[in-house]
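Values reported hereafter were calculated over all heavy atoms of this structure, with side chains retained and with hydrogens, waters and symmetry mates removed. The structure presented is a predicted model; accordingly, all values stated were derived computationally and were not measured. Sequence lines set the chain letters: A, B, ... in the order given, protein chains first and strands last, and positions in each chain run from 1.
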Amino acid sequence: MDIDDLLAEVAVDSTPPETRDLQELTRCWVAERVAPEILPWPSDLMDRVLERIRRQIELVEDQTGNMDPKTNFKLIIIQTELERFKFLVRSFLRARMKKIDAHPIHILAQHTASTSTFAPLLSPSELQYMTSHQSLLSNHYSSSFLSQFPASLQRLDDTTGGISMVDKPDEDKAVFVRAMKDVGDIFVEGTDRRFEMKRGDVWVVRWSAVRRWSVGTGTGDVELI
Amino acid sequence: MALPLPPGLTPPEIAFLCEMELVTVIPRQRLEGLELLGGPIRPLNPPYRANIPLWLALLLKRQRRANILPPPWLNTHSLTAILDHEIEHSETFSPPPRLPPQPSNHTLPTSPPFLPNSTADAAPDALPYHWLELGEMLLEAASDDFEEPDHVRKLLRGLREVRMAKLRSGVEVLDAGGGVKMNGVGGMEVGEGRAFVTGVIDGLRKITASREQQRKDRDREELENGFSGTADYDDDEMDMQ
């Protein structure tokens, strides 16, 4: 990046950082609700958003005693917006939890592989939730029936016989996407399908064919809708 | 705690998304500037117009603190023209609004609901992504700000019918590979069509899964061996049938 790029960036991007974070969070939320697999945890974004929500709650608590009607109405607006933000964050986290509950062993393997990169798949609390939930589950299974099986049949992640016991999300599931930049040729593996995706286009396409351009998992040139 | 909903947004969630669209209001009361979580709101001074998110505009409207200026595409003249276009071109949806200039490489590109497609200076000749939700919400909460609310409502209903028919007739082109272009489709239409469209594509994919797997293996093999002969392709097809 040289100085011209930096200047161009400043000139174009006059949007306040708060607004950009809202746009990013909204995009992450929609993507997480739509994508068949769990997407990397946007840790910087979430840190900023949660910190702002915390400060806003403090502000509301500070001013609630104020009976001046003008401030009161301002407070109504602030609280309405606060609730909207809280809904976004909550729905985002719950969508992730649903995926964690559905495929814990698969996600743990993916997460372990991702810890060396810059974008770990799960947040620390999600990891904690998943490991303790999973250990409770496996303890329960083994105390209620698994312990009575032969030792060779007690595993929960058996891969013998060419079939893995570990459930995986369907990565070829069709998704609705919108290109935010010219992406170029998309090739759907295993078929003759090939097409060009241009900025602004909306396509129904397999997740596996676009994931390397997607928000979260790839370059971010394609968003899920 | 985990979300009990299936993948894809539900209609209330799509409406929630649509409430982030910017609309133009004419305030009837002063309102000081606000520092909100999603960025600052500039002070509202009657009678100067201001662009604010739809959720705030609806809040102000319900308390009679502002009037909403419907976007230019949401009037009888524009909607009639768009409806004519939709009926004339039975294959595709009417084109979406023109995109803003390409942002530089280092910035986050914006997309609906954050494009100013529903403010007073939006394009009058194209339906934006959240057209149906926005239209319905404005007609419900601010019908007195429209010139002919009933006529607008009728046109919206007509547009919805025509476009749903297109979405349904588009089923014929669906196949296992996916890759269907749907430019101009609306948010609520995606929500309504999602379960069916993706269900058909996924179902067809599962039927042809074994053939596809063969094809994949062969493609990979060819890639490794570095030869691009597809001479035996037809034979394989025959064997399959």
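If you measure heavy-atom distances from A/Leu25 to chain B, you find no contacts under 4.5 Å at all. For B/Leu34, the part lying near chain A is the side chain, with the backbone staying farther off; criterion is any non-hydrogen pair under 4.5 Å. With a 4.5 Å cut-off on non-hydrogen atoms, A/Asp101 touches chain B through its side chain but not through its backbone. Contact annotation for A/Arg178: only side-chain heavy atoms (C-beta onward) come within less than 4.5 Å of a heavy atom of chain B. Looking at B/Glu32, the atoms closer than 4.5 Å to chain A (heavy atoms on both sides) all sit in the side chain, from C-beta outward. Of the two parts of B/Leu36, the backbone and the side chain both hold a non-hydrogen atom closer than 4.5 Å to a non-hydrogen atom of chain A. Proximity to chain A is limited to the side chain of B/Leu31, based on heavy atoms less than 4.5 angstrom apart. Contacts between A/Arg84 and chain B at a heavy-atom distance below 4.5 Å involve backbone atoms as well as side-chain atoms. Neither the backbone nor the side chain of B/Arg30 comes within contact range of chain A, judged by heavy atoms closer than 4.5 Å. With a threshold of 4.5 angstrom between heavy atoms, B/Glu19 approaches chain A through its backbone and through its side chain. The part of A/Glu223 that comes within reach of chain B is its side chain, from C-beta onward, which places non-hydrogen atoms under 4.5 angstrom from that chain. For B/Tyr129, the part sitting under 4.5 Å from any heavy atom of chain A is the side chain, from C-beta outward, and nothing else. Of the atoms belonging to B/Asn183, heavy atoms from both backbone and side chain fall under 4.5 Å from chain A. Looking at B/Val180, both its backbone and its side chain come within 4.5 Å of chain A, counting heavy atoms on both sides. Of the two parts of B/Pro96, neither the backbone nor the side chain holds a non-hydrogen atom closer than 4.5 Å to a non-hydrogen atom of chain A.
More than 12 heavy atoms of other residues, nucleotides or ligands sit less than 6.0 Å from atom CD of A/Glu83. With a 6.0 Å radius and a threshold of 12 heavy atoms from other residues, nucleotides or ligands, A/Gln128 has its CD atom at or below the threshold. B/Glu140 CD: 12 or fewer foreign heavy atoms inside a 6.0 Å radius.
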field: Worked check of side chain to side chain contact (heavy atoms under 4.5 Å, CB included) between A/Thr19 and B/Phe114
entry: CA-CA 9 Å; A/Thr19 313; B/Phe114 300 107; 5.6 Å; no

task: Step by step, work out the side chain to side chain contact (heavy atoms under 4.5 Å, CB included) result for B/Thr110 and A/Arg20.
output: CA-CA 9 Å; B/Thr110 43; A/Arg20 257 184 315 169; over 6 Å; no

- request: Please report the C-alpha distance between B/Leu60 and A/Phe73 in whole Å, then the side-chain angles of each, then the deciding distance to 0.1 Å, and finally whether the side chain to side chain contact (heavy atoms under 4.5 Å, CB included) criterion is met.
  value: CA-CA 10 Å; B/Leu60 295 177; A/Phe73 183 63; 3.6 Å; yes

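Note that CE of B/Met182 is 13.0 Å distant from CG of A/Asp201, once rounded to the nearest 0.5 Å. Atom-to-atom distance recorded for B/Arg65:CZ and A/Ile77:CD1 is 7.5 Å, nearest 0.5 angstrom.
B/Arg194 contributes no side-chain N or O that, together with a main-chain N or O of A/Val175, makes up a donor-acceptor pair within less than 3.5 Å. Between the B/Lys181 side chain and the A/Phe195 main chain, no donor and acceptor come within less than 3.5 Å of each other. Checking side-chain atoms of A/Glu81 against main-chain N and O of B/Leu37 turns up a donor-acceptor pair under 3.5 Å. A donor-acceptor pair is defined here as one N or O able to donate and one able to accept, closer than 3.5 Å; such a pair exists between the side chain of A/Arg33 and the backbone of B/Gly8.
Between chain A and the options B/Leu99, B/Ile41, B/Val185, B/Thr208, heavy-atom pairs under 4.5 Å are most frequent for B/Leu99. Heavy-atom pairs under 4.5 Å with chain A were tallied for B/Gly193, B/Pro112, B/Gly199; the largest tally goes to B/Pro112. When each of A/Val205, A/Ile186, A/Asp172 is checked for heavy-atom pairs under 4.5 Å with chain B, A/Asp172 comes out on top. Of all the listed residues (A/Ile225, A/Val188, A/Asp221), the one sharing the greatest number of non-hydrogen pairs under 4.5 Å with chain B is A/Ile225. When each of B/Arg205, B/Lys216, B/Gln29 is scored by its heavy-atom pairs under 4.5 Å with chain A, the top score falls to B/Arg205. By number of non-hydrogen pairs under 4.5 angstrom with chain B, the leading residue of A/Arg52, A/Gln23, A/Gln56, A/Met97 is A/Gln23. Residue with the most contacts toward chain B among A/Val34, A/Leu82, A/Ile76, A/Val49: A/Val34 (heavy-atom pairs, distance under 4.5 Å). Interface remark: of the candidates A/Ser91, A/Ala174, A/Ala102, A/Gly200, A/Ala174 forms the most heavy-atom pairs closer than 4.5 Å to chain B.
Ionic pairing of A/Arg206 and B/Glu212 is present here: one or more N-O contacts between side-chain nitrogen and carboxylate oxygen are shorter than 4.0 angstrom.
In this structure, the side chains of B/Pro7 and A/Pro36 stay at 4.5 Å or more apart for every pair of heavy atoms.
Closest non-hydrogen pair, B/Ser111 versus A/Arg27, comes out as OG-NH2, 3.0 Å. The shortest non-hydrogen separation linking A/Lys173 to B/Asp202 is NZ-OD2, 3.0 Å. What you find for B/Leu17 and A/Trp29 is that their closest heavy atoms are CD1-CZ3, 3.8 Å. Summarising the geometry of A/Arg199 relative to B/Pro100, their closest heavy-atom pair is NH2-O, 3.0 Å, with the distance given to 0.1 Å. Across every non-hydrogen atom of B/Ala2 and A/Arg94, the tightest pair is O-NH2, 3.6 Å.
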